[in-house]
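For reference, the structure is listed below as structure tokens.
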Amino acid sequence: MQSTAAPPLYQLVSFKPKLQTFPSKSQLCPLGTPFCRLEMASISGFGLKPLRAVSVSSSSSASSDDGFVTLTEYVGKEGMNVKDDLVVLLDHIQYACKKIAALVASPFNYSLGKQTALGSVGSDRDAPKPLDIVSNEIILSSLRKSGRVAVMASEENDAPTWISDDGPYVVVTDPLDGSRNIDASIPTGTIFGIYKRLEELDDLPTEDKAMLNSLQSGSRLIAAAYVLYSSATILCITFGSGTQAFTLDHSTGDFILTNPSIKIPPRGQIYSVNDARYFDWPEGLRQYIDTVRQGKGRYPKKYSARYICSLVADLHRTLLYGGVAMNPRDHLRLVYEANPLSFIVEQAGGRGSDGKNRILSLQPVKLHQRLPLFLGSLEDMEELESYGDIQQKVNPGYEV
């Protein structure tokens, strides 16, 4: 009997949970109520806080009529000046992230999370893949279906994937950051950045134009976002005019605007770093940490350490509460981690640095180029960088 190729694993993953019936938003907040949008506790840190409803026309969808604003509505109608092609692309990206959120939260991901390596191409080709590879396939599939992407560059692929000659956008992504600890239910995340396709490269060979489009400087980003998969699923995004956060409403499947303007405090009281490597740090970084945790720095209060070892989760807390999240080693990737996250932080009023230079000013030379990464409050970052020697250049006893 003639065999047929098995479909990708992400197509075989099916979730059909029995959904609890929730009251409609109109029941929670009757029409005519002037304050009827709730700010999620996971965003504000201050519990439920009513926000004034956004006025909409009578032709708007039901989700708008009750005062809640979805991600698609926000970028399409809230004066963001987002082009239609980008709205379509974002719709497909958020769909992919909803599928990843369901996969991460499913009890059926256990065997995927346990597997740590891919089989060789051939007899093992159809074997179950790790969660980050499945997430990569989900994102690639959504980008293909959007019809708006020329090339995708991912942490999970050695080279960029050319998708379409006429796609106006380039997407760089870390499909599932922090997946190695998913068995312990540690928060994970998806990171992505969006650039315009460089039309001047269109006549180059496919491999060359795919790589050069993917190696654009972070200063050319037109949008960047991360999605945090935790007690809530939160999409934090910037289009270059501030940073906004949307929380997934599982009763409707919509990402709902819960923070229209995230502003990182100019100074926090938290640093986030792996303290176990203290004795491998350069002198400047040790001096900074010793100083701030004793309350002897520019801010006369003792700092606390908070470290999840999940980049998206550590950054999300830093955006809300201030302080610094860092990895001083040449470990994090410039193209699809440092650049998108630095763009988000800068648009929230913070700073992204490699310890010496602004991240968004760096020109990538390799797709998987690694570097130290420091993200956080502006005053904290300025104080940290004033110590000079904060990049860890040796990694004794540790894998890269």
Exercise. Taking the six-membered ring for Trp, are Tyr271 and Tyr303 ring centroids under 6.0 Å apart?
Worked result: no

Exercise. With the threshold set at 4.0 Å, does a side-chain nitrogen-carboxylate oxygen contact exist between Asp166 and Arg197?
Worked result: no

Problem set entry | Between Ser219 and Ser217, a side-chain donor and acceptor under 3.5 Å | yes

Exercise. Heavy-atom distance under 4.5 Å between the side chains of Ser214 and Val151, does that happen here?
Worked result: yes

For this session: Specify the closest pair of heavy atoms between Ala153 and Leu367, including all atoms of both residues, with the distance to one decimal.
Result: CB-CD1, 3.7 Å

Problem set entry | Flag for Asp290-Tyr278: side-chain donor and acceptor within less than 3.5 Å | yes

For this session: For Tyr229 and Thr190, test the side chains for any donor-to-acceptor distance below 3.5 angstrom and give the result as yes or no.
Result: yes

Exercise. So, the side chain of Asp389 versus the backbone of Pro282: is there a donor-acceptor pair under 3.5 Å, distance only?
Worked result: no

Exercise. Sub-3.5 Å donor-acceptor pair from the side chain of Glu73 to the main-chain atoms of Thr70, do we have one?
Worked result: yes

Exercise. Are the side chain of Asp177 and the backbone of Thr188 linked by a donor-acceptor contact shorter than 3.5 Å?
Worked result: no

Problem set entry | Qualifying residue for salt bridge (Lys or Arg N to Asp or Glu O under 4.0 Å) with Glu346, from Arg358, Arg351, Lys263 | Arg358

Problem set entry | Side-chain ion pair, Arg298 and Glu382, N-O less than 4.0 Å | no

Exercise. Do NZ/NE/NH1/NH2 and the carboxylate oxygens of Lys356 and Glu385 come within less than 4.0 Å?
Worked result: no

Seminar exercise, completed: Closest non-hydrogen atoms of Leu378 and Gly349, given as atom of the first, atom of the second and distance, are CB-O, 3.9 Å

